[in-house]
K.L.:
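Pasting in a structure now, in C-alpha coordinates, and then I'll have a few things to ask.
Chain letters run A, B, ... following the sequence lines, proteins first and then strands; every chain starts at 1. Both backbone and side-chain heavy atoms feed into the values below; hydrogens, waters and symmetry mates do not.
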Amino acid sequence: MKYWLRKLDIGLRIYYFVMIVTRERCKTGIEELDSILNGGIPRGNTVLITGSCGTGKTTLSLEFLTRGALMGERSMYISVTEVPEKLIENMSTYEFFDMNLVKEKKLIFVDLQEIYVKLGLEKLEFTLEDVNILVEQIIKIVKELGIKRLVIDSITSICYRLTSREQIREFILQLGKALSDMGCTTLLVSELLPSAAGYSQYGVEEAIADGIILMGNLERRGDLLRTIQVIKMRGTTHSRAKYVLDLTPIGILLAPLLKGGSVEVR
Amino acid sequence: MSVSSNIVDKLSELPPASSLALYVDVNTYFDALRAIVDIFATKNDLYVFYISSTIPSKNIVGLLEILGVDTSRVFFVDTISHLMANAGEMSDKFLYIESPTMLENVMLKIEYLLRKYNDKKAIVVLDSVNSMAIHNDLKILSEFLHIFVTSLRSWESYMVIISMKEQNSEEMINMLNLVCDDAYDAGGEKK
(Lines give C-alpha, C1' and ligand atoms only; values in the text may rest on other atoms or scores of the structure.)
Protein backbone atom coordinates (compact mmCIF):
# COMPACT_ATOMS: atom_id res chain seq x y z
CA MET A 1 0.00 0.00 0.00
CA LYS A 2 1.47 3.38 -0.98
CA TYR A 3 0.50 6.77 0.40
CA TRP A 4 1.02 10.04 -1.42
CA LEU A 5 0.57 13.52 0.03
CA ARG A 6 -1.05 15.90 -2.44
CA LYS A 7 -1.78 19.60 -2.18
CA LEU A 8 -5.18 20.83 -3.26
CA ASP A 9 -4.82 24.47 -4.24
CA ILE A 10 -8.16 26.27 -4.33
CA GLY A 11 -7.13 29.33 -2.39
CA LEU A 12 -6.94 27.34 0.82
CA ARG A 13 -4.12 25.02 1.55
CA ILE A 14 -5.75 21.68 2.09
CA TYR A 15 -3.65 18.57 2.05
CA TYR A 16 -5.18 15.20 1.48
CA PHE A 17 -3.96 11.64 1.25
CA VAL A 18 -4.27 9.60 -1.88
CA MET A 19 -4.10 5.95 -1.09
CA ILE A 20 -2.88 3.70 -3.87
CA VAL A 21 -3.67 0.13 -3.08
CA THR A 22 -1.52 -2.48 -4.76
CA ARG A 23 -3.35 -5.78 -4.48
CA GLU A 24 -1.45 -8.78 -3.27
CA ARG A 25 -0.55 -11.14 -6.11
CA CYS A 26 -1.02 -14.84 -6.47
CA LYS A 27 1.94 -15.87 -8.62
CA THR A 28 0.97 -18.48 -11.19
CA GLY A 29 4.58 -19.71 -11.15
CA ILE A 30 4.63 -19.53 -14.94
CA GLU A 31 7.27 -16.85 -15.23
CA GLU A 32 6.18 -15.17 -18.46
CA LEU A 33 2.49 -15.26 -17.49
CA ASP A 34 3.30 -13.55 -14.19
CA SER A 35 5.23 -10.97 -16.14
CA ILE A 36 2.23 -10.43 -18.49
CA LEU A 37 0.04 -10.01 -15.39
CA ASN A 38 2.43 -7.53 -13.82
CA GLY A 39 3.32 -9.89 -10.96
CA GLY A 40 0.54 -12.47 -10.98
CA ILE A 41 -3.23 -12.77 -10.56
CA PRO A 42 -4.60 -10.34 -7.95
CA ARG A 43 -5.30 -12.56 -4.94
CA GLY A 44 -8.94 -13.58 -4.57
CA ASN A 45 -9.80 -13.09 -8.25
CA THR A 46 -12.01 -15.58 -10.07
CA VAL A 47 -10.53 -16.14 -13.50
CA LEU A 48 -12.06 -17.86 -16.50
CA ILE A 49 -9.56 -20.04 -18.37
CA THR A 50 -11.31 -20.44 -21.66
CA GLY A 51 -10.60 -22.09 -24.98
CA SER A 52 -11.36 -25.00 -27.23
CA CYS A 53 -10.05 -28.52 -26.71
CA GLY A 54 -6.32 -29.22 -26.82
CA THR A 55 -5.27 -25.68 -26.07
CA GLY A 56 -3.65 -26.46 -22.69
CA LYS A 57 -6.32 -25.24 -20.23
CA THR A 58 -6.06 -28.22 -17.88
CA THR A 59 -2.25 -28.26 -18.01
CA LEU A 60 -2.07 -24.56 -17.18
CA SER A 61 -4.53 -24.99 -14.31
CA LEU A 62 -2.62 -27.94 -12.87
CA GLU A 63 0.68 -26.08 -13.10
CA PHE A 64 -0.92 -23.11 -11.31
CA LEU A 65 -1.97 -25.41 -8.47
CA THR A 66 1.27 -27.38 -8.27
CA ARG A 67 3.44 -24.24 -8.26
CA GLY A 68 1.17 -22.82 -5.56
CA ALA A 69 1.47 -25.96 -3.44
CA LEU A 70 5.25 -25.83 -3.84
CA MET A 71 5.11 -22.22 -2.57
CA GLY A 72 3.22 -23.43 0.51
CA GLU A 73 -0.33 -22.54 -0.58
CA ARG A 74 -2.75 -25.41 -0.19
CA SER A 75 -4.36 -26.03 -3.57
CA MET A 76 -7.40 -27.96 -4.72
CA TYR A 77 -8.56 -29.28 -8.08
CA ILE A 78 -12.22 -30.10 -8.51
CA SER A 79 -12.55 -32.41 -11.45
CA VAL A 80 -15.82 -32.80 -13.30
CA THR A 81 -14.77 -34.70 -16.37
CA GLU A 82 -11.62 -36.67 -15.54
CA VAL A 83 -10.81 -39.00 -12.67
CA PRO A 84 -8.11 -37.67 -10.30
CA GLU A 85 -5.91 -40.77 -10.72
CA LYS A 86 -5.55 -40.11 -14.43
CA LEU A 87 -4.77 -36.43 -13.85
CA ILE A 88 -2.10 -37.27 -11.30
CA GLU A 89 -0.59 -39.79 -13.68
CA ASN A 90 -0.44 -37.15 -16.42
CA MET A 91 1.13 -34.67 -14.01
CA SER A 92 3.92 -37.09 -13.09
CA THR A 93 5.52 -36.42 -16.49
CA TYR A 94 6.29 -32.84 -15.38
CA GLU A 95 9.62 -32.33 -13.65
CA PHE A 96 8.24 -29.79 -11.17
CA PHE A 97 5.53 -32.16 -9.95
CA ASP A 98 6.17 -33.81 -6.60
CA MET A 99 3.95 -36.72 -5.56
CA ASN A 100 4.57 -35.82 -1.92
CA LEU A 101 2.38 -32.74 -2.44
CA VAL A 102 -0.56 -35.09 -2.98
CA LYS A 103 0.45 -37.43 -0.14
CA GLU A 104 0.81 -34.53 2.29
CA LYS A 105 -2.51 -33.05 1.10
CA LYS A 106 -0.94 -29.80 -0.06
CA LEU A 107 -2.37 -30.56 -3.48
CA ILE A 108 -5.85 -32.03 -3.23
CA PHE A 109 -7.88 -33.63 -6.01
CA VAL A 110 -11.64 -33.91 -5.62
CA ASP A 111 -14.01 -35.73 -7.94
CA LEU A 112 -17.17 -33.62 -8.20
CA GLN A 113 -19.18 -36.73 -8.90
CA GLU A 114 -18.51 -37.85 -5.33
CA ILE A 115 -19.80 -34.53 -4.01
CA TYR A 116 -22.94 -34.91 -6.12
CA VAL A 117 -23.51 -38.37 -4.61
CA LYS A 118 -22.89 -37.10 -1.09
CA LEU A 119 -25.36 -34.23 -1.57
CA GLY A 120 -27.93 -36.30 -3.43
CA LEU A 121 -27.48 -34.18 -6.56
CA GLU A 122 -27.30 -37.00 -9.06
CA LYS A 123 -29.70 -35.41 -11.49
CA LEU A 124 -29.50 -33.87 -14.90
CA GLU A 125 -31.04 -30.51 -13.99
CA PHE A 126 -30.48 -28.44 -10.83
CA THR A 127 -32.96 -26.20 -9.09
CA LEU A 128 -31.87 -22.92 -7.49
CA GLU A 129 -31.86 -24.74 -4.16
CA ASP A 130 -29.52 -27.39 -5.55
CA VAL A 131 -27.20 -24.63 -6.78
CA ASN A 132 -27.10 -23.12 -3.31
CA ILE A 133 -26.36 -26.51 -1.72
CA LEU A 134 -23.49 -27.10 -4.16
CA VAL A 135 -21.98 -23.64 -3.63
CA GLU A 136 -22.23 -24.05 0.16
CA GLN A 137 -20.50 -27.42 -0.03
CA ILE A 138 -17.60 -26.12 -2.13
CA ILE A 139 -17.18 -23.13 0.18
CA LYS A 140 -17.27 -25.43 3.22
CA ILE A 141 -14.48 -27.62 1.81
CA VAL A 142 -12.36 -24.58 0.88
CA LYS A 143 -12.83 -23.09 4.34
CA GLU A 144 -12.17 -26.29 6.29
CA LEU A 145 -9.05 -27.19 4.34
CA GLY A 146 -7.70 -23.64 4.12
CA ILE A 147 -7.50 -23.73 0.33
CA LYS A 148 -5.73 -20.75 -1.25
CA ARG A 149 -5.89 -21.87 -4.87
CA LEU A 150 -8.84 -23.58 -6.48
CA VAL A 151 -9.51 -24.91 -9.96
CA ILE A 152 -12.89 -26.12 -11.18
CA ASP A 153 -12.48 -28.09 -14.39
CA SER A 154 -14.81 -27.49 -16.01
CA ILE A 155 -17.36 -24.86 -15.07
CA THR A 156 -19.10 -25.60 -18.39
CA SER A 157 -19.94 -29.13 -17.24
CA ILE A 158 -21.56 -27.76 -14.07
CA CYS A 159 -23.41 -25.04 -15.95
CA TYR A 160 -24.80 -27.73 -18.24
CA ARG A 161 -27.01 -28.84 -15.35
CA LEU A 162 -28.26 -25.36 -14.63
CA THR A 163 -31.49 -24.53 -16.39
CA SER A 164 -31.24 -20.79 -16.92
CA ARG A 165 -28.71 -18.02 -17.39
CA GLU A 166 -29.90 -16.56 -14.07
CA GLN A 167 -28.94 -19.77 -12.29
CA ILE A 168 -25.50 -19.73 -13.91
CA ARG A 169 -25.07 -16.09 -12.93
CA GLU A 170 -26.18 -16.81 -9.36
CA PHE A 171 -23.87 -19.81 -9.08
CA ILE A 172 -20.72 -18.03 -10.28
CA LEU A 173 -21.50 -14.81 -8.39
CA GLN A 174 -22.10 -16.58 -5.07
CA LEU A 175 -19.11 -18.84 -5.44
CA GLY A 176 -16.76 -16.09 -6.62
CA LYS A 177 -17.72 -13.72 -3.82
CA ALA A 178 -17.36 -16.29 -1.04
CA LEU A 179 -14.01 -17.56 -2.35
CA SER A 180 -12.70 -14.03 -2.79
CA ASP A 181 -13.67 -13.18 0.80
CA MET A 182 -11.57 -16.16 1.92
CA GLY A 183 -8.60 -14.97 -0.17
CA CYS A 184 -8.85 -17.98 -2.46
CA THR A 185 -7.77 -17.41 -6.06
CA THR A 186 -9.91 -19.47 -8.43
CA LEU A 187 -9.57 -20.65 -11.99
CA LEU A 188 -12.77 -21.72 -13.70
CA VAL A 189 -11.99 -23.79 -16.77
CA SER A 190 -14.43 -23.06 -19.56
CA GLU A 191 -14.82 -25.13 -22.68
CA LEU A 192 -15.39 -23.21 -25.85
CA LEU A 193 -16.47 -24.41 -29.27
CA PRO A 194 -14.00 -23.44 -32.00
CA SER A 195 -16.79 -21.53 -33.74
CA ALA A 196 -17.91 -19.64 -30.59
CA ALA A 197 -18.00 -15.88 -30.84
CA GLY A 198 -17.66 -14.91 -27.15
CA TYR A 199 -15.39 -16.14 -24.39
CA SER A 200 -17.73 -18.66 -22.75
CA GLN A 201 -20.37 -21.24 -23.64
CA TYR A 202 -23.31 -19.48 -21.99
CA GLY A 203 -22.17 -15.88 -22.30
CA VAL A 204 -22.71 -15.24 -18.58
CA GLU A 205 -19.44 -16.59 -17.17
CA GLU A 206 -17.25 -14.05 -18.97
CA ALA A 207 -19.21 -11.08 -17.66
CA ILE A 208 -19.01 -12.14 -14.02
CA ALA A 209 -15.42 -13.39 -13.83
CA ASP A 210 -12.71 -10.99 -12.64
CA GLY A 211 -10.41 -12.15 -15.38
CA ILE A 212 -10.43 -13.97 -18.70
CA ILE A 213 -7.45 -15.86 -20.07
CA LEU A 214 -8.15 -17.05 -23.60
CA MET A 215 -6.27 -20.05 -24.90
CA GLY A 216 -6.50 -20.89 -28.57
CA ASN A 217 -5.15 -22.48 -31.69
CA LEU A 218 -3.76 -20.24 -34.34
CA GLU A 219 -3.21 -21.38 -37.86
CA ARG A 220 -0.37 -19.92 -39.88
CA ARG A 221 0.38 -21.42 -43.26
CA GLY A 222 -0.76 -24.86 -42.15
CA ASP A 223 1.00 -24.77 -38.77
CA LEU A 224 -1.14 -24.90 -35.65
CA LEU A 225 0.26 -22.85 -32.77
CA ARG A 226 -1.06 -22.87 -29.20
CA THR A 227 -1.72 -19.31 -28.04
CA ILE A 228 -2.61 -17.50 -24.83
CA GLN A 229 -3.98 -14.00 -24.30
CA VAL A 230 -5.12 -12.18 -21.17
CA ILE A 231 -8.35 -10.49 -22.23
CA LYS A 232 -9.17 -8.92 -18.88
CA MET A 233 -7.90 -9.01 -15.31
CA ARG A 234 -9.41 -6.80 -12.66
CA GLY A 235 -7.00 -5.30 -10.15
CA THR A 236 -3.89 -5.15 -12.33
CA THR A 237 -2.54 -3.67 -15.50
CA HIS A 238 -1.57 -6.36 -17.98
CA SER A 239 -0.47 -7.04 -21.52
CA ARG A 240 -3.27 -7.88 -23.94
CA ALA A 241 -0.92 -9.25 -26.58
CA LYS A 242 -1.10 -12.80 -27.85
CA TYR A 243 1.69 -15.23 -26.97
CA VAL A 244 2.61 -18.67 -28.27
CA LEU A 245 2.93 -21.35 -25.63
CA ASP A 246 4.73 -24.64 -25.38
CA LEU A 247 3.97 -27.40 -22.88
CA THR A 248 7.41 -28.62 -21.83
CA PRO A 249 8.53 -31.05 -19.11
CA ILE A 250 9.68 -28.05 -17.02
CA GLY A 251 6.32 -26.31 -17.42
CA ILE A 252 4.61 -23.86 -19.71
CA LEU A 253 6.86 -21.49 -21.65
CA LEU A 254 5.68 -18.46 -23.60
CA ALA A 255 7.10 -16.54 -26.53
CA PRO A 256 5.70 -13.45 -28.24
CA LEU A 257 3.60 -14.17 -31.31
CA LEU A 258 5.33 -12.99 -34.46
CA LYS A 259 3.13 -10.73 -36.53
CA GLY A 260 3.03 -12.43 -39.86
CA GLY A 261 -0.45 -12.41 -41.37
CA SER A 262 -1.96 -15.08 -39.11
CA VAL A 263 -5.45 -16.52 -39.39
CA GLU A 264 -7.06 -17.64 -36.16
CA VAL A 265 -9.15 -20.79 -35.88
CA ARG A 266 -9.54 -20.87 -32.03
CA MET B 1 46.24 -19.52 -40.12
CA SER B 2 43.45 -22.02 -40.76
CA VAL B 3 39.81 -21.06 -41.29
CA SER B 4 38.85 -22.76 -38.01
CA SER B 5 41.34 -20.87 -35.91
CA ASN B 6 40.36 -17.57 -37.53
CA ILE B 7 36.73 -18.19 -36.60
CA VAL B 8 37.71 -19.18 -33.05
CA ASP B 9 39.79 -16.00 -32.74
CA LYS B 10 36.88 -13.91 -33.97
CA LEU B 11 34.48 -15.53 -31.49
CA SER B 12 37.02 -15.12 -28.68
CA GLU B 13 37.15 -11.38 -29.36
CA LEU B 14 33.43 -11.10 -28.65
CA PRO B 15 32.03 -10.73 -25.14
CA PRO B 16 29.36 -13.23 -23.98
CA ALA B 17 25.83 -12.37 -25.13
CA SER B 18 27.16 -11.35 -28.54
CA SER B 19 25.69 -12.37 -31.86
CA LEU B 20 27.77 -13.05 -34.94
CA ALA B 21 26.73 -13.40 -38.57
CA LEU B 22 29.14 -15.96 -39.98
CA TYR B 23 29.48 -16.04 -43.77
CA VAL B 24 30.74 -19.37 -45.10
CA ASP B 25 30.73 -21.23 -48.39
CA VAL B 26 30.71 -24.95 -49.17
CA ASN B 27 34.49 -25.12 -48.73
CA THR B 28 34.59 -23.47 -45.31
CA TYR B 29 31.32 -24.87 -43.87
CA PHE B 30 32.90 -27.87 -42.11
CA ASP B 31 35.78 -25.78 -40.78
CA ALA B 32 33.19 -23.42 -39.33
CA LEU B 33 31.32 -26.30 -37.65
CA ARG B 34 34.54 -27.62 -36.14
CA ALA B 35 35.52 -24.13 -34.96
CA ILE B 36 32.22 -23.45 -33.20
CA VAL B 37 31.04 -26.84 -31.97
CA ASP B 38 34.39 -28.34 -31.09
CA ILE B 39 37.16 -25.82 -30.46
CA PHE B 40 35.34 -22.71 -29.18
CA ALA B 41 32.64 -24.54 -27.18
CA THR B 42 35.18 -26.88 -25.54
CA LYS B 43 37.63 -24.09 -24.79
CA ASN B 44 34.93 -22.03 -23.07
CA ASP B 45 33.03 -25.00 -21.61
CA LEU B 46 29.80 -24.08 -23.37
CA TYR B 47 26.74 -26.10 -24.30
CA VAL B 48 25.94 -25.98 -28.01
CA PHE B 49 22.27 -25.56 -28.90
CA TYR B 50 22.17 -26.24 -32.61
CA ILE B 51 19.18 -25.21 -34.73
CA SER B 52 19.25 -27.30 -37.87
CA SER B 53 17.16 -26.20 -40.81
CA THR B 54 19.38 -27.35 -43.68
CA ILE B 55 20.51 -30.86 -42.78
CA PRO B 56 18.60 -33.19 -40.39
CA SER B 57 20.20 -33.33 -36.94
CA LYS B 58 21.04 -37.04 -37.14
CA ASN B 59 23.07 -36.35 -40.32
CA ILE B 60 24.89 -33.48 -38.62
CA VAL B 61 25.82 -35.79 -35.76
CA GLY B 62 27.19 -38.22 -38.35
CA LEU B 63 29.23 -35.45 -39.99
CA LEU B 64 30.58 -34.22 -36.66
CA GLU B 65 31.58 -37.74 -35.70
CA ILE B 66 33.47 -38.13 -38.99
CA LEU B 67 35.25 -34.88 -38.14
CA GLY B 68 36.11 -36.39 -34.77
CA VAL B 69 34.05 -33.86 -32.82
CA ASP B 70 32.66 -34.80 -29.39
CA THR B 71 28.89 -34.28 -29.62
CA SER B 72 28.07 -34.88 -25.96
CA ARG B 73 27.65 -31.15 -25.28
CA VAL B 74 25.51 -30.59 -28.42
CA PHE B 75 21.69 -30.41 -28.31
CA PHE B 76 19.63 -30.10 -31.47
CA VAL B 77 16.49 -28.19 -32.29
CA ASP B 78 15.65 -29.82 -35.58
CA THR B 79 13.23 -27.99 -37.85
CA ILE B 80 13.68 -30.08 -40.97
CA SER B 81 13.37 -33.81 -40.12
CA HIS B 82 9.60 -33.63 -39.63
CA LEU B 83 9.17 -32.19 -43.12
CA MET B 84 11.09 -35.14 -44.49
CA ALA B 85 9.09 -37.59 -42.34
CA ASN B 86 12.40 -38.50 -40.77
CA ALA B 87 11.98 -37.32 -37.17
CA GLY B 88 13.07 -39.77 -34.50
CA GLU B 89 11.98 -40.04 -30.92
CA MET B 90 11.90 -36.72 -29.08
CA SER B 91 14.50 -36.26 -26.33
CA ASP B 92 16.38 -33.30 -24.90
CA LYS B 93 19.22 -34.19 -27.26
CA PHE B 94 16.93 -34.04 -30.31
CA LEU B 95 13.99 -31.68 -30.09
CA TYR B 96 11.92 -31.75 -33.26
CA ILE B 97 9.79 -28.92 -34.60
CA GLU B 98 7.17 -29.67 -37.20
CA SER B 99 8.33 -27.07 -39.68
CA PRO B 100 10.91 -24.26 -40.05
CA THR B 101 7.95 -21.87 -40.26
CA MET B 102 7.16 -22.43 -36.57
CA LEU B 103 9.60 -19.75 -35.52
CA GLU B 104 8.10 -19.12 -32.10
CA ASN B 105 8.57 -22.81 -31.31
CA VAL B 106 12.26 -22.51 -32.20
CA MET B 107 12.54 -19.77 -29.56
CA LEU B 108 10.58 -21.85 -27.06
CA LYS B 109 12.69 -24.99 -27.54
CA ILE B 110 15.91 -23.00 -27.11
CA GLU B 111 14.47 -21.36 -24.00
CA TYR B 112 13.60 -24.79 -22.67
CA LEU B 113 17.21 -25.94 -23.14
CA LEU B 114 18.58 -22.73 -21.61
CA ARG B 115 16.38 -23.15 -18.54
CA LYS B 116 17.02 -26.84 -18.11
CA TYR B 117 20.76 -26.85 -18.80
CA ASN B 118 21.63 -23.70 -16.92
CA ASP B 119 24.76 -24.97 -15.18
CA LYS B 120 26.88 -23.66 -18.07
CA LYS B 121 26.62 -20.86 -20.60
CA ALA B 122 25.65 -21.75 -24.14
CA ILE B 123 26.35 -20.94 -27.74
CA VAL B 124 23.31 -21.06 -30.03
CA VAL B 125 23.98 -21.89 -33.68
CA LEU B 126 21.45 -21.24 -36.43
CA ASP B 127 22.31 -23.34 -39.49
CA SER B 128 21.38 -21.65 -41.71
CA VAL B 129 19.54 -18.39 -42.17
CA ASN B 130 19.31 -19.13 -45.90
CA SER B 131 17.33 -22.33 -45.32
CA MET B 132 15.06 -20.43 -42.94
CA ALA B 133 14.54 -17.87 -45.70
CA ILE B 134 13.30 -20.56 -48.09
CA HIS B 135 10.40 -21.30 -45.74
CA ASN B 136 9.75 -17.85 -44.25
CA ASP B 137 9.47 -14.44 -45.81
CA LEU B 138 12.20 -12.01 -44.89
CA LYS B 139 9.89 -9.75 -42.89
CA ILE B 140 8.88 -12.40 -40.35
CA LEU B 141 12.41 -13.83 -40.34
CA SER B 142 13.82 -10.40 -39.41
CA GLU B 143 11.23 -10.06 -36.66
CA PHE B 144 12.10 -13.53 -35.35
CA LEU B 145 15.86 -12.92 -35.38
CA HIS B 146 15.50 -9.54 -33.70
CA ILE B 147 13.42 -10.96 -30.81
CA PHE B 148 15.50 -14.13 -30.59
CA VAL B 149 18.90 -12.41 -30.49
CA THR B 150 17.60 -9.94 -27.90
CA SER B 151 16.22 -12.69 -25.67
CA LEU B 152 19.46 -14.68 -25.90
CA ARG B 153 21.35 -11.66 -24.62
CA SER B 154 19.53 -11.92 -21.32
CA TRP B 155 20.86 -15.49 -21.00
CA GLU B 156 24.37 -14.29 -21.83
CA SER B 157 24.48 -16.79 -24.66
CA TYR B 158 26.56 -16.46 -27.76
CA MET B 159 24.65 -16.64 -31.01
CA VAL B 160 26.12 -17.58 -34.36
CA ILE B 161 23.98 -17.24 -37.46
CA ILE B 162 25.47 -19.19 -40.33
CA SER B 163 24.89 -17.72 -43.75
CA MET B 164 25.87 -19.43 -47.00
CA LYS B 165 27.60 -16.84 -49.13
CA GLU B 166 26.51 -18.24 -52.47
CA GLN B 167 22.84 -17.97 -51.41
CA ASN B 168 22.91 -14.47 -49.97
CA SER B 169 20.95 -11.54 -51.26
CA GLU B 170 21.55 -7.90 -50.42
CA GLU B 171 18.39 -7.87 -48.29
CA MET B 172 19.63 -10.86 -46.34
CA ILE B 173 22.98 -9.20 -45.61
CA ASN B 174 21.21 -6.00 -44.55
CA MET B 175 19.00 -8.00 -42.20
CA LEU B 176 21.97 -9.78 -40.62
CA ASN B 177 23.82 -6.47 -40.23
CA LEU B 178 20.78 -5.11 -38.45
CA VAL B 179 20.23 -7.94 -35.96
CA CYS B 180 23.80 -9.13 -35.27
CA ASP B 181 26.47 -7.37 -33.23
CA ASP B 182 29.22 -8.38 -35.62
CA ALA B 183 29.84 -10.20 -38.88
CA TYR B 184 32.71 -12.37 -40.06
CA ASP B 185 33.55 -13.65 -43.50
CA ALA B 186 35.23 -17.04 -43.17
CA GLY B 187 36.63 -16.77 -46.69
CA GLY B 188 35.86 -18.73 -49.82
CA GLU B 189 34.03 -17.63 -52.88
CA LYS B 190 31.83 -14.58 -52.79
CA LYS B 191 28.57 -14.26 -54.58
K.L.:
If I measure from the heavy atoms of chain A, does Thr101(B) come under 4.5 Å with its side chain, its backbone, both, or neither?
P.N.:
both

K.L.:
Decide yes or no on salt bridge (charged side-chain N to carboxylate O under 4.0 Å, His left out) for Glu104(B) and Lys242(A), but give the supporting numbers first.
P.N.:
CA-CA 12 Å; Glu104(B) 292 92 343; Lys242(A) 197 171 270 185; over 6 Å; no

K.L.:
In terms of heavy-atom proximity below 4.5 Å to chain A, should Glu111(B) be classed as side chain, backbone, both, or neither?
P.N.:
both

K.L.:
Out of curiosity, Asp246(A) CG to Lys109(B) NZ, how far, rounded to the nearest 0.5 Å?
P.N.:
3.5 Å

K.L.:
Could you look at Met107(B) and say if it's the side chain, the backbone, both or neither that has a heavy atom under 4.5 Å from chain A?
P.N.:
side chain

K.L.:
Sort Leu103(B) into side chain, backbone, both or neither according to what part of it lies under 4.5 angstrom from a heavy atom of chain A.
P.N.:
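Both backbone and side chain.
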
K.L.:
Apply side-chain contact (heavy atoms from CB on, under 4.5 Å) to the pair Arg226(A) and Leu108(B), showing each step before the final yes or no.
P.N.:
CA-CA 12 Å; Arg226(A) 281 195 176 99; Leu108(B) 288 164; over 6 Å; no

K.L.:
Is atom NZ of Lys121(B) surrounded by more than 12 heavy atoms (other residues, nucleotides or ligands) closer than 6.0 Å?
P.N.:
no

K.L.:
Using a strict 4.0 Å threshold on nitrogen-to-oxygen distance, state whether Glu31(A) and Arg115(B) make a salt bridge.
P.N.:
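Yes, charged N to carboxylate O under 4.0 Å.
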
K.L.:
With rounding to the nearest 0.5 angstrom, report the CG to OG distance, Leu258(A) to Ser142(B).
P.N.:
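OG of Ser142(B) is found 11.0 Å from CG of Leu258(A).
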
K.L.:
How about Lys10(B): does its NZ atom have over 12 heavy atoms from other parts shown lying under 6.0 Å from it?
P.N.:
yes

K.L.:
Has Lys139(B) got more than 12 heavy atoms of other residues, nucleotides or ligands less than 6.0 Å from its NZ?
P.N.:
no

K.L.:
Check for a donor-acceptor pair, side chain of Arg221(A) on one end and backbone N or O of His135(B) on the other, with a separation under 3.5 Å.
P.N.:
yes

K.L.:
Just by modelled atom types, is the Lys259(A) backbone N or O under 3.5 Å from a matching donor or acceptor in the Glu143(B) side chain?
P.N.:
yes

K.L.:
Calculate, to the nearest 0.5 Å, the distance between atoms CD1 and NZ belonging to Ile250(A) and Lys116(B) respectively.
P.N.:
7.5 Å

K.L.:
Counting neighbours of CD on Glu171(B) that are heavy atoms of other residues, nucleotides or ligands and sit closer than 6.0 Å, is the number greater than 12?
P.N.:
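No - once you tally the heavy atoms of other residues, nucleotides and ligands closer than 6.0 Å, there are 12 at most.
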
